[in-house]
Amino acid sequence: MNRKSVEMSKLSLLLTMMMATMAKSASLNYSDALTKSILFFEGQRSGKLPPSQRMKWRKDSALNDGQDIHMDMVGGYYDAGDNVKFHFPMAFTTTMLAWSVIEFGDKMGSDLQYAFEAIRWGTDYFLKATIIPNIVVAQIGNPNSDHGCWERPEDMDTSRQTYYLTQNKPGSEVSSEIAAALAASSIAFSKTDGQYSNVLLTRAKQVFDFANNYRGSYNDSIGDGACPFYCDFNGYMDELIWGAAWLYKASNDQTYWNFVKSNIQSIEFSSIVRNINGFKVLANGGSFGEFGWDSKHAGINVLVSQSVMNNPSNENPFVPNANNLICSLLPNSPTKSVTYSKGGLLFKVGSSNLQHATSLSFLLIVYARYMQANNKEVQCGNVVAKPSDLINLAKTQVDYILGNNPLGMSYMVGYGQTYPQKIHHRGSILPSIDVNPKHMGCRDGDIYFQSSAPNMNVLTGAIVGGPADDDSFQDSRYNVSQSEPTTYINAPFVGVLAYFK
């Protein structure tokens, strides 16, 4: 073959690959993905399921929660593939669902009612968890007992111990995140249910006061209930500021703005300590680049920037740090601190990587909209980032997750032609009560876990932890980091999908 033929052959191959990529992208159905991303939360429900429940293989579960302390703690969400109700990530999930509706509810169409139901399943539960003044329920279920069995939530006979916080045993990070969830939800409900919105805001203020007046970490107060599962690694000041920022947005009360302004410097340069396989490491990118169930830094800066972007006396350090976040993410930025796989997926240190891809994509889109409204650009060294650059980066992440990746694999269960079949999730793996009505004991689920067959129940809409940084994926229940879904991976993605829909 002569040189010209070789070049033509290469060009033809390149064009074929580009056409395939474009076809894949064109075939992505954001509307379908949005519907499914919200449906997932019905699969994570704990408690007495309503007649409107659409995920029919799930049934009532944990109907005695809270009885050990004479409280009604029935309801809420299981955070991932086990049967514990960890309130720290559950509250963050609820905050992000509310923020998704606040920013993008007008784009959700018929899915909006289900988004409201998903938020309310969280907020109704948190109203129960905070019903007694100066007591906040922080968690239900002993994780060590729970992880020793492989049971359907409907069959649980492991310890449902209630872990709660008091003035003498505080937990400012969990309490503040619950306050943020209630405040954000009060904004989400303000146009459709004013009375409920007021109830949420009043309670948010009470819970924030408890968090602020009795400071301490729930790591110390509930010990092995929290750690090593959802330890707080970077202190509770970010949650206090985050809670105050949401309360200011919800109430316009200057007291909360003063709290944010006077405390923001205390976390601006704090280093984030992450627990990676049992080792504490300093996370890459500094505090301004962190956002998730444990670190609220980047979220605070983006949230606050909306109201201070064109106000020189108040924009520091929020807008500069939000800009730093953008510069830490853009692939061509000289100060980029994340990595990207060959297939284009964003990576940060730690497990369940898609939590970073979804939450940071959410911040990219929200910040791009604030920039657009204020006619702003971000300068990253010699690179100028326009709002469209942020949107395009977020779109690459969304498209990758939905199947535009080297494996052609959708990482959302039940979406697309190819998706994970063996996710690490009790209810999905084990036969539904409809199929096997007999009680299944502690280890009766092992044979299903060890089976090579696909899971019996499709947890539609669940986004799993995702691929490795070489774009490979192990569809295995044993690979928890890659195959386990969590509510806080899905929650920010709801807003992202609504935007692209």
**Q** Pairs in or reaching into residues 332-372: which pass disulfide bond (SG atoms under 2.5 Å apart), with residues at least two apart or in two chains?
**A** none

**Q** Test side chain to side chain donor-acceptor pair (under 3.5 Å) on His356 and Gln397 and set out the steps.
**A** CA-CA 10 Å; His356 305 304; Gln397 301 308 297; over 6 Å; no

**Q** Please collect all salt bridge (charged side-chain N to carboxylate O under 4.0 Å, His left out) contacts where either partner lies in residues 197-212, sequence neighbours excluded, each pair once.
**A** none

**Q** Can you tell if the side chain of Glu117 reaches within under 4.5 Å of the side chain of Arg45, non-hydrogen atoms only?
**A** yes

**Q** Scan side-chain atoms only and decide if Lys376 and Tyr367 contain a donor-acceptor pair under the 3.5 Å cut-off.
**A**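 No donor-acceptor contact under 3.5 Å links the two side chains.
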
**Q** Quick one: does any side-chain atom of Thr396 pair with a main-chain N or O of Leu393 as donor and acceptor, under 3.5 Å?
**A** yes

**Q** Would you please indicate yes or no on a ring centroid separation below 6.0 angstrom for Tyr218 and Tyr163?
**A**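 No, the ring of Tyr163 stays outside the 6.0 Å limit from the ring of Tyr218, centre to centre.
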
**Q** Does a side-chain heavy-atom distance below 4.5 Å link Val319 with Val308?
**A**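 Answer yes - side chains close enough.
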
**Q** Does Asn321 form a side chain to side chain donor-acceptor pair (under 3.5 Å) with Asn324? I'd like the steps, not just the answer.
**A** CA-CA 5 Å; Asn321 270 341; Asn324 286 340; 3.1 Å; yes

**Q** So does Arg120 pair up with Asp193, basic N to acidic O under 4.0 Å?
**A**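 Result for this pair is yes, salt bridge flagged.
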
**Q** Please evaluate residues Asn405 and Tyr411 with respect to the criterion side chain to side chain donor-acceptor pair (under 3.5 Å), reporting the C-alpha separation (whole Å), side-chain torsions for both, the decisive distance (0.1 Å), and the verdict.
**A** CA-CA 10 Å; Asn405 56 58; Tyr411 291 104; 4.7 Å; no

**Q** Looking only at atom types and distance, does a side-chain atom of Lys128 sit under 3.5 Å from a main-chain N or O of Gly75, one as donor and one as acceptor?
**A** no

**Q** Would you mind reporting whether Val383 and Ser333 have side-chain heavy atoms less than 4.5 Å apart?
**A** no

**Q** Between the side chain of Ser307 and the main-chain N/O of Val304, is any donor-acceptor distance below 3.5 Å?
**A**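 Checking the backbone N and O of Val304 against the side chain of Ser307, a donor-acceptor pair under 3.5 Å is found.
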
**Q** Using modelled atom types only, decide if a donor and an acceptor are shared between the side chain of Gln355 and the backbone of Tyr488 within a distance under 3.5 Å.
**A**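 Flag not set: sc Gln355 to bb Tyr488 has no pair under 3.5 Å.
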
**Q** Without hydrogens or angle criteria, can the side chains of Ser313 and Asn311 be said to hold a donor-acceptor pair below 3.5 Å?
**A** yes

**Q** Once the angle between the rings of Tyr214 and Phe210 is folded into 0 to 90°, is it parallel (under 30°), tilted (30 to 60°) or perpendicular (over 60°)?
**A** tilted

**Q** Say whether, by atom type as modelled, one donor and one acceptor occur between the side chain of Lys36 and the main chain of Met412 under 3.5 angstrom.
**A**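 No.
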
**Q** Is there a side chain to side chain donor-acceptor pair (under 3.5 Å) between Ser46 and Tyr78 once you walk through the steps?
**A** CA-CA 6 Å; Ser46 179; Tyr78 304 116; 2.9 Å; yes

**Q** Under a 3.5 Å distance rule, please check whether Ser410 uses its side chain to pair with a backbone N or O of Tyr415 as donor and acceptor.
**A**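 Pair found, side chain donor or acceptor close to backbone of Tyr415.
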
**Q** Under 3.5 Å, is there a donor-acceptor pair between the side chain of Asn490 and the main chain of Gly461?
**A**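 Indeed, once roles are kept as given, a pair shorter than 3.5 Å links the two residues.
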
**Q** Please report whether the ring centroid of Phe92 lies less than 6.0 Å from that of Phe291.
**A**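 Between Phe92 and Phe291, which both carry aromatic rings, the centre distance is below 6.0 Å.
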
**Q** Any non-hydrogen side-chain atom of Asp469 less than 4.5 Å from a side-chain atom of Thr339?
**A** no

**Q** Is it the case that the ring center of Trp293 lies less than 6.0 angstrom away from the ring center of Phe229?
**A**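 No, the ring of Phe229 stays outside the 6.0 Å limit from the ring of Trp293, centre to centre.
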
**Q** With disulfide bond (SG atoms under 2.5 Å apart) as the rule and sequence neighbours excluded, what pairs involving residues 302-339 come up?
**A** Cys327-Cys380

**Q** Check Pro492 against Phe362 and note the closest heavy-atom contact, atom names and distance.
**A** O-CD1, 3.3 Å

**Q** Is there a donor-acceptor contact under 3.5 Å linking the side chains of Tyr125 and His87?
**A**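 Checked: Tyr125/His87 side chains pair up, N/O donor to acceptor below 3.5 Å.
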
**Q** Pairing donors with acceptors under 3.5 angstrom, does anything connect the side chains of Asn219 and Tyr236?
**A** no

**Q** Could you tell me whether the side chain of Asp294 reaches within less than 4.5 Å of the side chain of Phe88, counting heavy atoms only?
**A** yes

**Q** Please collect all disulfide bond (SG atoms under 2.5 Å apart) contacts where either partner lies in residues 467-501, sequence neighbours excluded, each pair once.
**A** none

**Q** Any pair with a residue in residues 169-183 that passes salt bridge (charged side-chain N to carboxylate O under 4.0 Å, His left out), sequence neighbours left out, goes on the list, sorted by first then second residue, please.
**A** Glu177-Lys296

**Q** Less than 4.5 Å apart, any side-chain heavy atom of Gln206 and any of Thr130?
**A**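 Of all side-chain heavy-atom pairs linking Thr130 with Gln206, none is under 4.5 Å.
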
**Q** Before giving the answer on ring-ring contact (aromatic ring centres under 6.0 Å, His included), spell out for Phe41 and Trp121 the whole-Å C-alpha distance, their side-chain angles and the decisive distance to 0.1 Å.
**A** CA-CA 9 Å; Phe41 289 95; Trp121 198 264; over 10 Å; no

**Q** Spell out, as yes or no, whether a donor-acceptor pair under 3.5 Å connects the side chain of Ser305 to the backbone of Val302.
**A**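 Between the backbone of Val302 and the side chain of Ser305 there is a qualifying donor-acceptor contact (under 3.5 Å).
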
**Q** Do the side chain of Gln482 and the main chain of Gln474 share a donor and acceptor less than 3.5 angstrom apart?
**A** yes

**Q** Which residue pairs pass the ring-ring contact (aromatic ring centres under 6.0 Å, His included) test when at least one of the two sits in residues 374-397, sequence neighbours left out?
**A**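 Output for this query is empty, none listed.
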
**Q** Side chains of Phe259 and Leu240: does their closest heavy-atom pair fall under 4.5 Å?
**A** yes

**Q** Would you say the side-chain atoms of Glu315 pair up with the backbone N or O of Pro320, donor to acceptor, closer than 3.5 Å?
**A**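 It does not hold such a pair.
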
**Q** Taking the side chain as every heavy atom from C-beta outward, state whether Tyr30 and Val398 have any atom pair closer than 4.5 Å.
**A**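 Tyr30 reaches Val398 side chain to side chain.
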
